[in-house]
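Here the structure is laid out as structure tokens; the discussion comes afterwards.
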Amino acid sequence: MRHISWIVTIPVALVAILFAISNRGIVTLSLWPLPFTLATPVYLATLVALVVGFLAGGFVVWNSQRRHRRRARREGNRVLYLERELKEAQARAAAAEKRLAESTRPVSGPVSGTLPGSTLPVPAAENNAPTVH
């Protein structure tokens, strides 16, 4: 990106320098209702006018983008707020799951009639003999 800016800046600077060298004549500037006059070189008057126009155009564009910057700032704040709420909700859900697990856990050992590590009942073995049909 830096190289692209130099590719643009160097030719513009060369044109400005050549313009200043070629136009060193004096011009008198005045604004009609005011009694002031200013004698200045042509290149200085032209380059100052270009810079003022550039700055004025930049201000107009910056001001016209104000609405988009404001909306982006609000949406960014909303994202931060929602992320904070999500973390709080996840923390509450984790705490609720922990409380639920603690409340359903047996107090001492597995419940009779269940397999270790499971809450499913063990089927009663009445007769281990195979059935013949």
Side-chain angles (χ1 to χ4, degrees):
M1 189 67 185
R2 188 183 332 173
H3 299 300
I4 294 174
S5 67
W6 280 110
I7 290 172
V8 171
T9 303
I10 290 175
V12 169
L14 287 174
V15 168
I17 291 169
L18 291 174
F19 180 79
I21 292 171
S22 300
N23 295 292
R24 290 193 280 163
I26 301 295
V27 65
T28 303
L29 302 174
S30 63
L31 190 56
W32 169 65
L34 301 175
F36 305 111
T37 60
L38 178 64
T40 184
V42 173
Y43 72 88
L44 186 61
T46 305
L47 292 177
V48 167
L50 287 173
V51 168
V52 169
F54 177 78
L55 293 175
F59 175 75
V60 167
V61 170
W62 175 77
N63 194 31
S64 68
Q65 297 299 319
R66 178 182 52 192
R67 169 179 50 149
H68 302 292
R69 287 191 311 273
R70 186 182 316 138
R71 189 178 80 213
R73 187 172 38 252
R74 270 188 298 206
E75 289 176 358
N77 290 340
R78 178 136 173 88
V79 165
L80 292 175
Y81 172 75
L82 291 174
E83 285 176 345
R84 191 176 328 118
E85 273 194 12
L86 176 63
K87 287 180 183 178
E88 290 172 2
Q90 288 172 338
R92 286 192 307 265
E97 286 178 3
K98 184 177 178 184
R99 284 193 311 268
L100 180 64
E102 288 174 355
S103 68
T104 59
R105 186 176 56 196
V107 177
S108 61
V111 177
S112 62
T114 62
L115 292 174
S118 171
T119 58
L120 298 175
V122 176
E126 296 172 6
N127 188 0
N128 288 340
T131 56
V132 179
H133 294 283

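Taking both residues in full, the closest heavy atoms of A45 and L29 are given as CB-CD1, 3.9 Å, listed atom of the first, atom of the second, then distance.
Following chains of ILVMFWY side-chain contacts shorter than 4.5 Å, one can reach F54 starting from V51, so the two form part of one hydrophobic cluster. Cluster membership for V8 and W6, using ILVMFWY side-chain heavy atoms within less than 4.5 angstrom, is not shared.
Side-chain contact between V27 and T40 is present, with heavy atoms from C-beta onward closer than 4.5 Å. In this structure, L47 and L50 have side chains that are in contact, with non-hydrogen atoms separated by less than 4.5 Å. Side-chain contact between R70 and R73 is present, with heavy atoms from C-beta onward closer than 4.5 Å. Residues I21 and I17 meet the side-chain proximity criterion, which asks for heavy atoms closer than 4.5 Å.
The residues E75 and R71 are annotated as salt-bridged, a charged nitrogen and a carboxylate oxygen being separated by less than 4.0 angstrom.
Looking only at distances, a side-chain donor or acceptor of N23 sits under 3.5 Å from a matching main-chain atom of F19.
The neighbour count for R69 CZ, taken as heavy atoms of other residues, nucleotides or ligands under 6.0 Å away, is above 12. Sparse packing is recorded around NE2 of H3, with 12 or fewer heavy atoms of other residues, nucleotides or ligands lying under 6.0 Å away.
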Could you walk me through whether L82 and L86 pass the side-chain contact (heavy atoms from CB on, under 4.5 Å) check?
CA-CA 6 Å; L82 291 174; L86 176 63; over 6 Å; no

